[in-house]
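Take a look at the structure below.
Lettering follows sequence order; numbering is per chain, from 1.
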Amino acid sequence: MAQNPPYSPAQSETHWQAAWAAAGCFAAPDDPGTQAKSYVLEMFPYPSGDLHMGHVRNYCIGDVFARFARLQGACVLHPMGWDALGLPAENQAILEQVAPQQRTPKNIARMKQQLMRLGLAYDWKREIATYRPEYYRWNQWFFLQLYARDLVYRRQSQVNFCSGCDTVLANEQVNEARVCWRGHPDVVKRSIGEWAFRITAYAEALLAGLDDLTQWPERILAQQRHWLGKSVGAGLRFARAGNDAAAPAQELEVFTTRLETAMGACAVLLAPDDPRHTDWVTPAQSAAVASFVARMQRTERSARLAETAAKEGVFTGSSVLHPFTGAPLPVVLANYVLADYGSGAVMCVPAHDARDHGLAQAMGLPVRQVVAPPAEGDAQDDATLPYSGPGHLMNSGVYDGQRCEEARASMLQAAQAGGFGGPQTTWHLRDWGFSRQRYWGTPIPIVYCDACGTVPLPLEALPLELPDFADLKLTGTGGAPLRQIKAFTDVPCPTCGAAATREVDTMDTFVDSAWYFARYLSPQHREAPVDPAAAAAWLPVDVYVGGPEHAVMHLLYFRFFTRVMRQLGLCQTDEPVRTLITQGMVNAPSYRCPNHGYVAAAPLRAAAAAKTPPSCPRCAQPLQVLVEKMSKSKLNGVDPLALIDRYGADTTRLYTLFAAPPEKDLEWDPNGVEGISRFVNRLWRLIAAQEEALNAAPSTAREAPSPAAREADLRARHLLHSTLQRVGDELLRRHHFNTAIAALMELVNGLYALQMHASNCVMGTKVRREVLQVCAAMLAPLAPHIAESCWAVGGGEKLVAQARWPAVDAQALQAQTLTLAVQVNGKLRAQLQVPADVDAATAGRLARADAGVQRHVGERPILKEIFIPGRLLNLVVAREG
RNA sequence: ACCGGGGUGGCGGAAUCGGUAGACGCUGGGGACUUAAAAUCCCUUGUCCGUAAGGACGUGCGGGUUCAAUUCCCGCCCUCGGUACCA
């Protein structure tokens with residue numbers, strides 16, 4: 001046999017990528033018409049400048065869906081774009097004083113080049129980038145539409161404020177010790193004005209919509225449900241004690257899910273960051289309160305709320321009257337109360353709430369038990385306090401003896417009748433504050449006029465473009481950068497023409513990503529964010545692939561905007577995504593020296609292979625090895641481009657798909673890549689051998705095949721079609737690409753075992769072609785380049801990228817016998833070859849005849865036989881001893 | 001701390017509805033081919049006992065349900081993601 005040329009992925013992959021482009025395989029029409037449609041989308045990347053392995057994994061997974069849907073006969077839309085605004089680019093601009101408007105397109109060009117090398121089936125004509133005014137003008141358009149519908153408003157909000165930088169900081173820029181990224185200590189929480197979307201108006205709809213998302217992972221639905229956090233309870237109003245008509249507030253409303261414990265209330269609690277607390281502070285207490293509030297501003301919210309954290313409070317000096325009894329209760333600020341949940345105030349019931357109990361002990365508040373646990377044996381009302389279980393009421397006047405549920409209902413009725421309370425539902429979800437004091441974001445189209453107040457820009461004024469970078473000094477200090485530019489801020493009022501000033505905050509980048517999926521459908525459309533005809537044709541997204549870190553916020557905003565779009569007449573769907581795939585992270589070993597921090601991982605991988613324990617190149621100390629998410633700071637990244645250069649795109653794709661199923665984390669293993677590369681080469685040799693065999697075979701031969709040839713054909717087809725069935729199931733239903741690839745490896749191993757790679761193979765040409773074509777189809781979504789070579793050698797028409805998924809031949813699958821597992825008392829004792837259609841009685845007879853089975857059954861009678869057709873037989877006998 | 005995941009050989013993982021634990025790949029060991037190397041091919045590789053035949057144990061830990069549990073239930077441990085201004 002002639003020596004075949006070794007596989008050259010670089011040459012072959014460039015060739016097929018050009019062929020796909022020439023054939024226009026991946027361009028999607030504006031309307032799929034009568035053809036079934038499939039919209040496959042991956043979370044768009046932040047254009048940092050270089051593709052990393054996390055991107056590669058994300059887009060390879062998406063590409064499998066897109067290419068497989070096309071094989072299944074769908075008209076596929078598979079676009080790509082750039083999430084280009086936001087903090088990292090702004091920080092880089094501060095550092096280098098280079099305009100993000102210049103840096104960003106360069107980064108995009110680089111990353112696009114890198115993406116192209118992977119041979120991803122994108123329709124690049126639909127590419128979008130959020131930093132372009134043609135894109136972000138629609139953020140402004142949405143803002144104005146929501147403003148007109150009272151779904152956007154201004155409010156006060158708590159932010160991190162660093163007096164050293166004189167500006168607001170992102171959470172990421174502050175560490176746990178409240179030190180800022182530049183090293184200033186004492187970052188505090190401060191209240192500032194901001195813009196917010198009224199997403200809470202959609203809470204009920206967003207909750208109900210989850211029931212329709214049957215193709216979303218259950219864990220994501222659970223996280224969304226908990227984030228929405230619907231809680232049904234009651235509101236109860238407490239009036240100010242004493243006749244102080246001049247006091248700024250006359251009552252406090254609390255929210256409770258346990259109204260039946262009201263008689264056990266010993267205080268009413270407010271959050272330290274609740275601005276209303278000043279209405280209740282008396283002069284005598286003002287110093288104590290001020291110091292408590294200041295201390296809380298320096299404490300992390302999570303530290304304040306931790307269950308194990310000490311419960312602390314301070315008396316405001318004022319009291320309110322218990323609405324049921326008229327008894328005075330102190331108004332107290334407590335560290336664990338949330339200002340933005342429910343009504344922002346709660347009643348303190350120490351006997352039946354652990355946190356309240358802790359506070360009561362710390363402050364010496366009275367503990368009054370009002371619920372007795374269900375009586376057991378000798379009736380006992382005493383319980384270990386705090387007690388939060390079920391029971392009946394005590395110490396509660398007319399309600400004594402009622403079960404909790406009864407008391408809750410009757411007290412609610414009494415509260416309504418008395419006009420001091422009623423049913424109330426609260427949510428964990430809060431409105432979405434989207435103001436940012438940053439440069440690299442979408443300007444908010446608002447003007448403030450002394451005469452007209454807050455004035456939205458007219459739609460014709462859009463886009464409101466970001467002013468030039470050259471006109472300001474971006475330092476990351478001193479508040480909103482846009483305020484520096486007089487030419488931007490000082491404008492005439494759109495209504496009255498008088499001198500006015502613009503809003504200088506920009507928008508959160510979550511606004512960009514809340515609706516980008518719609519822009520791909522008509523990226524040039526000028527009348528609206530999306531052409532409603534295109535939206536009707538393509539929405540919802542059929543498959544959405546991205547990281548689980550977006551499980552809650554991004555996906556909730558995404559779903560919220562989809563509902564808004566529907567109400568604006570832009571689309572006809574409430575939910576944006578039918579099937580959601582959340583993929584795991586890409587991890588790799590990182591190496592850390594106790595003296596010198598992280599050490600570059602790449603040179604140490606070779607050392608690890610040589611089994612020398614890794615040591616620091618600078619001080620020779622042994623290094624700590626951890627498996628962590630690939631990142632620049634940990635110096636453990638793998639350059640995808642280097643991988644493609646060395647092994648080719650198909651090997652890179654197959655490795656990321658094979659090493660773990662999509663939803664799990666993937667650990668980088670250089671040896672694993674070698675293994676995949678071996679498989680690709682093995683496959684290549686098989687394909688090359690067929691090229692020779694098919695060319696050599698006289699096409700006119702009509703001789704009857706030998707029995708050996710018939711047997712080889714039969715076996716090859718059995719193997720081929722059972723693999724086709726498995727791979728189809730893995731791709732279509734289970735989305736487990738690693739096991740699909742394993743099945744293909746087994747197929748190739750099996751074909752080698754049938755000598756298909758060898759010159760003495762007797763397999764017929766017709767079966768050889770079938771094997772090649774079916775293999776090509778199965779490979780096409782996973783390793784699309786070598787799949788084309790396989791298709792071409794097998795004599796397939798046009799490209800496999802344009803082909804259809806083959807049908808399983810049920811006849812080829814039929815088997816004569818199967819292996820039946822025989823257990824005795826649940827332990828495997830024999831494996832019998834039996835006829836495929838064996839019944840329980842026959843299986844029992846065969847099993848009893850087996851020597852191994854007999855040894856374990858012995859003289860004991862068989863009590864029961866459990867037969868699972870096609871799988872196993874379990875003989876149950878009396879246990880010994 | 002709270003919410004949601006995850007934990008299976010030396011390693012990544014497989015086991016689809018409670019039915020043969022360890023598919024496939026890597027690593028290690030042995031062999032073939034070769035002057036040699038690379039590449040390739042073949043055998044082998046959970047632990048323990050045993051010369052072997054064979055047996056016992058084994059899916060983070062402790063219990064439970066079942067003829068049968070990686071899978072279901074209860075209680076823990078460790079770990080990852082999110083916690084509203086990173087995206």
Once base and sugar-phosphate atoms are separated, protein heavy atoms under 4.0 Å mark nucleotides 15-24 of chain B, 5' to 3', with B, S and - as SB--BB--BB

Excluding sequence neighbours, so at least two apart, what forms ring pair (Phe, Tyr, Trp, His ring centres under 6.0 Å) with F867(A)?
none

Mind checking salt bridge (charged side-chain N to carboxylate O under 4.0 Å, His left out) for R829(A) and listing every partner two or more places apart, or none if nothing turns up?
none

Tell me if the side-chain of Q173(A) makes a donor-acceptor pair with the base of C85(B), cut-off 3.5 Å, by modelled atom types.
no

Salt bridge check: are R154(A) and E503(A) linked by an N-O gap of less than 4.0 Å?
yes

So which nucleotide from A14(B), C86(B), G4(B) ends up closest to the side chain of E172(A)?
C86(B)

Which nucleotides of nucleotides 76-82 of chain B have their base under 4.0 Å from a protein heavy atom (B), which only their sugar-phosphate (S), and which neither (-), written as one string 5' to 3'?
----SBS

Please work out if S435(A) contacts a base, only the sugar-phosphate, or nothing of the nucleic acid, heavy-atom cut-off 4.0 Å.
base

For G6(B), give its Watson-Crick or G-U wobble partner with both distances under 3.5 Å, or none.
C78(B)

Is G50(B) paired to anything, Watson-Crick or G-U wobble with both distances less than 3.5 Å, and if yes, which nucleotide?
none

Do the rings of H554(A) and F510(A) sit parallel, tilted or perpendicular, given the 30° and 60° boundaries?
parallel

For a quick check of understanding: with a heavy-atom distance under 4.0 Å over all strands, which category does V168(A) fall into, base, sugar-phosphate or nothing?
base

Partner set under ring pair (Phe, Tyr, Trp, His ring centres under 6.0 Å) for F658(A), not counting sequence neighbours
none

For residues 743-760 of chain A, which residue pairs pass the salt bridge (charged side-chain N to carboxylate O under 4.0 Å, His left out) check, not counting sequence neighbours?
R726(A)-E746(A)

Would you say S513(A) and D83(A) are linked by a side-chain donor-acceptor pair, where the criterion is simply a distance under 3.5 Å?
no

Using a heavy-atom cut-off of 4.0 Å across all strands, would you classify A551(A) as base, sugar-phosphate, or nothing?
nothing

In whole angstrom, what separates L875(A)'s CG from C67(B)'s C1'?
10 Å

Give a yes/no on whether any side-chain N or O of K827(A) is located under 4.0 angstrom from OP1 or OP2 of G58(B).
no

Taking atom C1' of C85(B) as reference, at what distance in whole Å does atom CG of L169(A) sit?
9 Å

Identify, with sequence neighbours excluded, every residue that meets ring pair (Phe, Tyr, Trp, His ring centres under 6.0 Å) alongside F161(A).
none

Taken in chain and number order and not counting sequence neighbours, the residues that satisfy side-chain contact (heavy atoms from CB on, under 4.5 Å) with Q854(A) are none

Would you mind classifying the nucleic acid contact of F510(A) as base, sugar-phosphate or nothing, using non-hydrogen atoms under 4.0 angstrom?
base

Listed partners of D508(A) passing salt bridge (charged side-chain N to carboxylate O under 4.0 Å, His left out), at least two apart:
R436(A)

Considering every strand shown, what is the Watson-Crick or G-U wobble mate of C41(B) when both distances are under 3.5 Å?
G31(B)

If you look at every strand shown and take non-hydrogen atoms under 4.0 Å, does G433(A) touch a base, only sugar-phosphate, or nothing?
sugar-phosphate

P-based separation of G25(B) from A14(B) [nearest Å]:
15 Å

Rounded to whole Å, NE2 of H428(A) lies from P of A84(B) at a distance of 9 Å

With sequence neighbours left out, the residues meeting ring pair (Phe, Tyr, Trp, His ring centres under 6.0 Å) with W227(A) are H428(A)

Can you give one letter per nucleotide of nucleotides 41-49 of chain B, 5' to 3': B if a protein heavy atom sits under 4.0 Å from the base, S if only from the sugar-phosphate, - if neither?
S--------

Roughly how many Å is it from NZ in K664(A) to C1' in G25(B), rounded to a whole number?
15 Å

Paired with C85(B): which nucleotide, if any, by Watson-Crick or G-U wobble criteria at under 3.5 Å for both distances?
none

Pairs meeting criterion salt bridge (charged side-chain N to carboxylate O under 4.0 Å, His left out) with involvement of residues 165-174 of chain A, two or more places apart:
none

